[in-house]
Protein chains: 2
Amino acid sequence: MDIKTLCLGLLSLNEACGYDLKKKFESLFKHFFAAGYGSIYPALADLAEAGLVDCREVPQNGRPARKVYSITESGRKHFQDALNSANPTHKLRSDFLVMMYFADQLDNDRLQLLLNSRVSAFGGVTAHIKNITDSWPSDSPAGARFVAGFGEAMAKAATQYIEENRHILKGHSQDQAKGQPRIRHTDLSQANHQPAATIEERV
Amino acid sequence: MDIKTLCLGLLSLNEACGYDLKKKFESLFKHFFAAGYGSIYPALADLAEAGLVDCREVPQNGRPARKVYSITESGRKHFQDALNSANPTHKLRSDFLVMMYFADQLDNDRLQLLLNSRVSAFGGVTAHIKNITDSWPSDSPAGARFVAGFGEAMAKAATQYIEENRHILKGHSQDQAKGQPRIRHTDLSQANHQPAATIEERV
DNA sequence: AAGAGCATGTAACCTGTTACATGATTAT
DNA sequence: ATAATCATGTAACAGGTTACATGCTCTT
């Protein structure tokens with residue numbers, strides 16, 4: 001799902017200007033979808049050009065006019081179609097896990113720092129979600145509560161996993177020689193998939 | 001962290017050709033980092049050009065020669081630097097959660113299907129991880145075990161969250177009128193941030 | 001006085017994805 | 001026979017990020 005569609009979705013709930021949408025992205029969707037002005041404004045322009053939204057300009061004193069976008073019937077239909085199309089994705093991209101994979105090439109101070117800041121980042125997610133949900137009325141939409149709860153649950157599980165398993169990771173101590181790996185790795189891909197021509201895969 | 005760096009990291013453990021790296025991405029990193037041939041081959045070419053890896057061609061019968069890449073000292077240093085640079089990211093991008101946010105615009109059959117296939121996708125992740133880790137020796141690197149365990153923990157937590165909370169989501173039944181939202185949403189962003197010029201934000 | 005917030009956007013860039021192109025060998 | 005595996009890559013495209021450009025008002 002691209003940002004255009006997501007903007008359209010938000011506009012199916014309330015009319016808004018680009019600035020408003022950015023704030024919604026940063027409150028509601030922060031833990032699973034990112035978007036900056038550089039994507040939102042062009043997206044709104046495209047939506048308007050395609051007739052999926054209408055734009056009404058509200059002049060203001062001393063600021064650029066608010067361009068308030070509201071969804072059209074055509075836009076609503078378009079969004080319904082998007083909701084009914086194929087298998088939605090759910091993708092994690094984590095440099096943190098990459099680094100943890102290479103933990104034994106990290107020195108121990110750095111490793112502990114990375115683990116601590118990841119835990120604290122998850123704490124930030126939890127705090128952020130709590131912060132936004134606290135102001136919600138009790139009849140707030142189920143979908144919103146579900147995705148907020150999902151974020152909390154993930155942050156909690158991740159934190160717990162890290163705290164319970166960080167002890168298995170040991171970076172090397174800083175005073176040892178650098179630049180040389182001291183541990184020979186087992187090849188973790190499937191055993192013996194290498195043609196005979198390839199030599200010296202290690203144990 | 002870009003794919004180039006990650007390839008370099010894998011090459012810091014074992015020499016490999018592009019095809020091998022792809023397989024490693026798909027076994028070890030599948031749950032948190034994706035990469036296709038279209039990124040890997042150009043990445044390897046760039047690394048070689050930058051002198052961070054050496055390339056040795058191993059001719060084969062009836063196939064293109066294997067281009068086996070091995071890391072250089074310069075490459076190893078470069079990778080260490082990457083591991084020691086700033087705050088690694090950890091980003092989720094989920095169309096699934098987007099759709100759940102808009103659950104009440106989904107019809108109920110579709111909603112249940114989405115939830116079921118997401119649960120089953122997480123089951124697939126768990127199976128995949130179990131599958132690869134089962135073949136690992138008991139002294140396999142701690143980093144590899146940590147990231148595999150992380151993936152399992154997340155899949156488990158996500159599945160549990162979905163099963164325990166799916167009941168709060170109700171799509172509309174299919175025989176009702178389509179294209180019109182029947183529920184007026186409360187604006188979930190901060191209360192009263194709208195300038196007076198903006199009208200008719202709802203309760 | 002300084003900084004945050006409101007409000008718009010563009011343009012160049014970076015990065016990765018998808019589809020294409022080729023073709024023998026091995027397992028089912 | 002058919003499909004999967006091995007093995008290389010390119011080229012066009014899509015999509016999002018970052019930096020830039022502007023400027024008033026309200027809060028601290």
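Letters A, B, ... mirror the listed sequences (proteins, then strands); counts begin at 1.
Not counting sequence neighbours, the partners of A:E164 by the side-chain contact (heavy atoms from CB on, under 4.5 Å) test are A:Q160. Judged as a side-chain contact (heavy atoms from CB on, under 4.5 Å), and not counting sequence neighbours, the contacts of A:A148 are A:I129, A:T133, A:W136. Legend: residues meeting ring-ring contact (aromatic ring centres under 6.0 Å, His included) with A:F33, ordered by chain and number and at least two apart, are absent. Qualifying side-chain contact (heavy atoms from CB on, under 4.5 Å) partners for B:N87, counting only residues two or more places apart in sequence or in other chains: A:S117. Under the rule for a ring-ring contact (aromatic ring centres under 6.0 Å, His included), B:Y19 has no partner lying at least two apart in sequence or in another chain. Residues satisfying the ring-ring contact (aromatic ring centres under 6.0 Å, His included) test with B:F102, not counting sequence neighbours, are A:F79.
Between the CG atom of A:D46 and the P atom of D:dA14 there is a distance of 12 Å, given to the nearest Å. As a whole-Å value, the separation of B:L21 CG from D:dA7 C1' is 13 Å. Taking atom CG of residue A:L44 and atom P of nucleotide D:dG16, one finds them 13 Å apart after rounding to whole Å. Atom P of nucleotide D:dG9 and atom CG of B:D20 are separated by 13 Å, given to the nearest angstrom. Rounded to whole angstrom, the span from the NZ atom of A:K22 across to the P atom of C:dA4 amounts to 15 Å. Straight-line distance from the NZ atom of A:K91 to the P atom of D:dG16: 15 Å, rounded to whole Å.
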> Going 5' to 3' along nucleotides 10-28 of chain C, which nucleotides have protein heavy atoms under 4.0 Å from the base (write B), which only from the sugar-phosphate (write S), and which from neither (write -)?
Replying inline: B-----SBB-----B----
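The two atoms that bring A:E57 and A:K67 nearest to each other are OE2-CE, 3.7 Å, heavy atoms only.
Listed by first and then second residue, the side-chain hydrogen bond (donor to acceptor under 3.5 Å, both in side chains) pairs that reach into residues 121-131 of chain B are B:K130-B:D134, sequence neighbours excluded.
Residue B:Q60 places at least one side-chain N or O under 4.0 Å from the OP1 or OP2 atom of D:dA7.
The bend of the helix from C:dA1-D:dT28 to C:dT28-D:dA1, defined by the angle between the axes of its first five and last five pairs, stands at 60° to the nearest 10°.
The side chain of B:K67 lies closest to D:dG9 when the candidates are D:dA7, C:dA7, D:dG9.
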